[in-house]
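One structure is given below, encoded as structure tokens.
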Amino acid sequence: MDKKSQRFSGKKNENNKSRQSNFEMRPKKNGEAPKVNGGVFIYSKPLSVSELSEAINTPINAIIKYLFAQGKMVTINQVLDDDMIGELCLEFGYDFKKEKVVDATHFEELEIEDDPSKLEERSPVVTVMGHVDHGKTSIIDAIRHTNVAGKEAGGISQAIGAYQKEWKGKKVTIIDTPGHAAFTAMRARGASVTDIVVLVVAADDGVMPQTIEAIDHAKAAGSEIIVAINKMDLPGANPNRVKNELMAQEIVAEDFGGDILTVEVSAKTKQGLDDLLDAILLKAEMMELKANPNRYAIGTVLEANLDKGEGPKATLLIQNGTLNQGDHVVVGTTYGKIRRMNNELGVALKSAGPSSPVSVIGLEEVPEAGDRFMAFPSEKEAREVATARALKKKEEERAGTAALTLADLNNIVNSGKIQDFNILIKADTQGSAESLKANLEKLSNDQVRIKVLEARAGAISDSDVLLASASKAIIYGFNLRPDARVQEKAKEEHVEIRTYRIIYEILEEVEAVVKGMYQAEMVEHILGSAEVRHRYKLTDVGVVAGSYVVDGLLRVNAHARLIRDQVVVYEGKINSLARFKDRVKEVNKGYECGVTLSNYQDIKEGDIIECFEVIEKEEKNG
């Protein structure tokens, strides 16, 4: 119950083949009116007692009387929460369902719920992962009878490739992700779209650092795992050692009492490749993968580039629906019309269904790998949605990161919403890492589920930051500090790294978040100061302080105070900065500029403008 769903309307595409739109193409700002359908009460927004009474055709007095008996005093205009609505529906003979209202601008949030009779079996999407040089691309070469690996620089994959293989009358979509540590971001992108991860481990080398990273990404993405133990043709092959090492990562093979399929293979001799394909089809059959091809396509960008001859080009993975040549699509924040669509062999396609990887041209701009895409019934709708998404992205960039911080999680807990609290632990020893993991997971409660995505000894790396970014996780470091390069990467990815030297301080901090009692200690950080040397008025602007930056910098929208004879006479924000006739975002030491302050005009020559920001206090490090 309380299952999120969407309703859809039928439309026709340009080829007069009936396809459903993914939702009605009109804004649904506040959702539609609540109603009863087949004994199920469907609603999408908070309701008052009187609104619920009308919707389920039940007297207001009966609702108020029931709630009074439960110890809840309400009035007819009081807004009911979801728990109370559900309780009342069940009491008065209705099941209930809350719809998630999503407009076209936020189509990546769409949760499609199809009529089961319209669903058809789809091909599994398989991502190949593992440590560098363990033979991932060679296995795909052997399956496809191609020689991709021989064409790659140094024999190492440099980009994502997507292929389809037909086996026993069924297709398998395979994504080849680079295994080298420098391309962890690509691997994370692959894991986010895959059903099954084939984890390649060399039989003579065993579990290596990037093998563990691949496992972490697969688990974070919720993908099924099949282990391919490669290089069985080598004299030093020891598959049992590999299986034992995998057990330490909670990957337990079937013949060791677990539920993970393992296949012994050799890309060189072709040993076990048929068994690997059989295992993929078996796992896919157990997963019952289905999609509705009779709707407008929706999916993900695997790779994109600017082709000198053809313009923006993108490799798309269709995850639901059918993409036709001529369709109007929104891809990330751009849009276009599919002028040409090819498969991985370069064969032109008129249409492509679920689980198909296709290369397309016709987009206005190059999208970003990992962007979501969706086809729309008309160019007008696609253009409007793309424009709205581009504006929204700019606003988010101006506002800063949308990543979760401890303060964000604390607010979510206080709002009553259930939230996963994802954590990565890196420590000086494996014993400390495991101890932290065990103690942190015990802090979960009904509102917050603590999920430790990895707990390992070793320095915090770029790969850890990328995994945290993809999983909206916070990194805790114990008895170590990230170097400057990693700190800069974390800043770019908006990942919070918190380092401590005392375990109980980490536990206390996380417990406070879980209980909704966390309060970040804020401190003032001075950015710079400037001396006011001139004062003048401009029409439509007001008083401008002609100033010289004597220290640090001044920044637009930063906090500011005006100091006169060592007395603070104003505290607010810097409204604007200008150099000559140009508006600028910041001005550094040694430069003159014009400054306006928010809602303040009484500026005098000789005043000092001090610019500062309020930030969270540095975490404790002993």
Side-chain angles (χ1 to χ4, degrees), residues 6 8-27 102-112 122 125 160 162 173 175 189 192-193 291-307 310-344 347-393:
Q6 293 292 338
F8 311 97
S9 65
K11 290 184 182 287
K12 292 192 175 181
N13 67 8
E14 295 159 328
N15 299 323
N16 294 321
K17 294 178 181 177
S18 178
R19 279 188 296 171
Q20 285 182 298
S21 67
N22 290 318
F23 47 91
E24 294 177 30
M25 298 301 167
R26 66 175 188 273
V102 177
D103 66 27
T105 307
H106 304 85
F107 61 76
E108 57 269 275
E109 298 175 12
L110 190 65
E111 296 179 16
I112 295 174
R122 67 170 176 85
V125 179
I160 283 182
T173 300
I175 300 174
R189 185 191 313 151
S192 67
V193 298
N292 178 6
N294 299 312
R295 67 167 60 259
Y296 283 85
I298 189 166
T300 301
V301 178
L302 294 180
E303 197 56 80
N305 67 286
L306 182 64
D307 187 282
E310 298 179 312
K313 181 181 282 189
T315 300
L316 309 180
L317 177 67
I318 302 164
Q319 293 171 282
N320 206 351
T322 295
L323 186 65
N324 288 340
Q325 182 181 349
D327 274 353
H328 302 282
V329 294
V330 174
V331 187
T333 58
T334 189
Y335 76 100
K337 181 178 181 179
I338 304 296
R339 291 194 285 114
R340 196 173 76 230
M341 178 167 59
N342 296 339
N343 65 12
E344 76 273 14
V347 177
L349 304 173
K350 292 292 185 183
S351 66
S355 299
S356 300
V358 293
S359 175
V360 302
I361 61 170
L363 302 178
E364 294 288 313
E365 298 174 3
V366 178
E368 294 181 13
D371 278 348
R372 297 284 285 167
F373 81 86
M374 191 169 81
F376 285 78
S378 72
E379 181 183 7
K380 180 176 181 290
E381 288 166 343
R383 185 174 60 250
E384 289 176 352
V385 170
T387 301
R389 287 167 65 86
L391 288 172
K392 181 175 180 289
K393 184 177 181 181

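Every heavy atom of this structure was used, including side-chain atoms; hydrogens, water molecules and symmetry mates were not.
- Applying the side chain to side chain contact (heavy atoms under 4.5 Å, CB included) test to Arg339 and every residue at least two apart in sequence or in another chain returns Ile361.
- Contact of the Ile175 side chain with the Val193 side chain is registered, since non-hydrogen atoms from C-beta on lie closer than 4.5 Å.
- Listed by first and then second residue, the side chain to side chain donor-acceptor pair (under 3.5 Å) pairs that reach into residues 361-376 are Thr300-Arg372, Gln319-Arg372, Glu368-Lys393, sequence neighbours excluded.
- Glu381 approaches Pro377 most closely through the heavy-atom pair OE1-CD, 3.1 Å.
- No donor-acceptor pair under 3.5 Å is formed between the side chain of Asn324 and the backbone N or O of Gly326.
- Looking at heavy atoms from C-beta onward, Val358 lies in side-chain contact with Leu349 at the 4.5 angstrom threshold.
- Remark: the backbone N or O of Ala352 is not paired with any side-chain donor or acceptor of Ser356 at under 3.5 angstrom.
- Across all their heavy atoms, Ala297 and Ile318 have their closest contact at CB-CG2, 4.1 Å.
- Between Leu316 and Leu323 the shortest side-chain heavy-atom distance falls below 4.5 Å.
- Note that the OG1 atom of Thr334 and the CZ atom of Arg383 stand 12.0 Å from one another [nearest 0.5 Å].
- Side-chain contact between Thr315 and Val301 is absent, with no heavy atoms from C-beta onward closer than 4.5 Å.
- Using a 4.5 Å heavy-atom threshold, the side chains of Asn342 and Val347 count as separate.
- Annotation: the span from Asn305 atom CG to Ser359 atom OG amounts to 8.0 Å, rounded to 0.5 Å.
- Side chains of Met374 and Val330 form no contact here, defined as non-hydrogen atoms less than 4.5 Å apart.
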When you look at Lys350 and Met341, which way does the side-chain contact (heavy atoms from CB on, under 4.5 Å) test go after all the steps? CA-CA 7 Å; Lys350 292 292 185 183; Met341 178 167 59; over 6 Å; no
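- Taking every heavy atom of both residues into account, Ala375 and Tyr296 meet most closely at O-CB, 3.4 Å.
- Atoms CD and CZ, on Gln325 and Arg340 in that order, are 9.5 Å from each other to the nearest 0.5 Å.
- Between Val125 and Ser355, the shortest heavy-atom contact is CG2-OG, 3.9 Å.
- Ion pairing of Glu303 with Lys313 is absent here, as no side-chain N (NZ or NE/NH1/NH2) approaches a carboxylate O to less than 4.0 Å.
- When all heavy atoms of Val385 and Phe376 are compared, the closest pair comes out as CG2-CE2, 3.9 Å.
- Taking all atoms of both residues into account, the shortest heavy-atom contact from Gly353 to Thr322 is CA-OG1, 4.1 Å.
- The shortest side-chain heavy-atom distance between Leu363 and Val329 falls under the 4.5 Å cut-off.
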Applying side chain to side chain donor-acceptor pair (under 3.5 Å) to Arg389 and Thr333, what does each step give before you reach the verdict? CA-CA 5 Å; Arg389 287 167 65 86; Thr333 58; over 6 Å; no
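- With a 4.5 Å cut-off on side-chain heavy atoms, Ile298 and Arg295 do not count as touching.
- Asn320 places no side-chain N or O within donor-acceptor distance of the main-chain N or O of Gly299, the cut-off being under 3.5 Å.
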